[in-house]
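Down below is the structure, laid out as structure tokens.
Residue numbers start at 1 and run along the sequence shown. These figures come from a predicted structure and were not determined experimentally.
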Amino acid sequence: MTEHSAGPPDEYVEAAIQRLLAEDPDVAEQGITVVRRERGLVLTGEVESPHRRAEILRRVAERFPDEAVTSDIGVIRAQAPAQVEELP
């Protein structure tokens with residue numbers, strides 16, 4: 001006999017995380033996808049800074065402490081370079 005957790009079914013957790021990321025005014029991130037893999041959930045997508053990625057992971061871990069969450073969130077440069085590149 002296997003023990004079944006009393007938590008919501010997997011697809012509900014995935015949808016709830018997706019909703020948290022899109023609807024929380026402090027996150028408002030629609031470019032992150034939640035995928036269930038063998039060892040837990042994987043968040044994929046791109047954000048504009050390492051700080052933003054860390055904040056997303058913190059909020060997900062805070063709201064879903066029993067879920068194993070892995071980040072595959074990349075960081076893209078959203079602002080212009082700080083200095084002009086000189087070409088020879």
Side-chain angles (χ1 to χ4, degrees):
M1 186 186 269
T2 60
E3 229 178 272
H4 184 65
S5 77
D10 292 347
E11 60 272 11
Y12 292 142
V13 172
E14 292 168 47
I17 291 173
Q18 201 76 56
R19 222 173 14 260
L20 167 72
L21 296 176
E23 295 175 2
D24 183 323
D26 293 331
V27 177
E29 195 65 64
Q30 295 183 16
I32 304 298
T33 305
V34 182
V35 179
R36 178 147 319 260
R37 300 254 169 84
E38 275 183 30
R39 297 183 180 160
L41 297 171
V42 179
L43 303 182
T44 61
E46 293 183 333
V47 294
E48 69 273 4
S49 71
H51 174 74
R52 183 111 173 117
R53 176 177 51 203
E55 181 63 17
I56 288 168
L57 294 173
R58 184 188 70 76
R59 287 184 183 259
V60 170
E62 187 177 86
R63 176 96 187 272
F64 302 92
D66 297 332
E67 291 293 328
V69 177
T70 303
S71 170
D72 193 18
I73 300 173
V75 176
I76 57 172
R77 185 169 66 190
Q79 65 268 25
Q83 51 187 315
V84 175
E85 182 178 355
E86 298 280 338
L87 297 176

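Considering Arg59, Arg19, Arg63 in turn, Arg59 is the only one that fulfils the side chain to side chain donor-acceptor pair (under 3.5 Å) rule with Asp24.
A distance-only check finds a donor-acceptor pair linking the side chain of Gln18 to the backbone of Ile32 [under 3.5 Å]. Proximity of a side-chain donor or acceptor of Arg52 to a complementary backbone N or O of Val47 within less than 3.5 Å is not detected.
The two atoms that bring Gln30 and Ala22 nearest to each other are CG-CB, 4.0 Å, heavy atoms only. Annotation for Leu57 and Ser71: closest pair CD1-CB, 3.5 Å, computed over non-hydrogen atoms.
The distance from the CD atom of Glu48 to the CD1 atom of Ile76 is 7.5 Å, given to the nearest 0.5 Å. Note that CG of Asp72 and CG of Leu43 are 9.0 Å apart. Values are rounded to the nearest 0.5 Å. The OG1 atom of Thr33 sits 12.0 Å away from the CD1 atom of Ile17 when rounded to the nearest 0.5 Å. Atom CD1 in Ile56 sits 10.0 Å away from atom NE2 in His51 (nearest 0.5 Å).
A salt bridge links Arg36 and Glu67; the closest N-O separation between the charged side-chain nitrogens and carboxylate oxygens is under 4.0 Å. Ionic pairing of Arg58 and Glu55 is present here: one or more N-O contacts between side-chain nitrogen and carboxylate oxygen are shorter than 4.0 angstrom.
Inter-residue side-chain proximity for Val27 and Leu20 is flagged as unmet; no heavy-atom pair is nearer than 4.5 Å. Looking at Phe64 and Leu41, their side chains never come closer than 4.5 Å, going by heavy atoms from C-beta outward.
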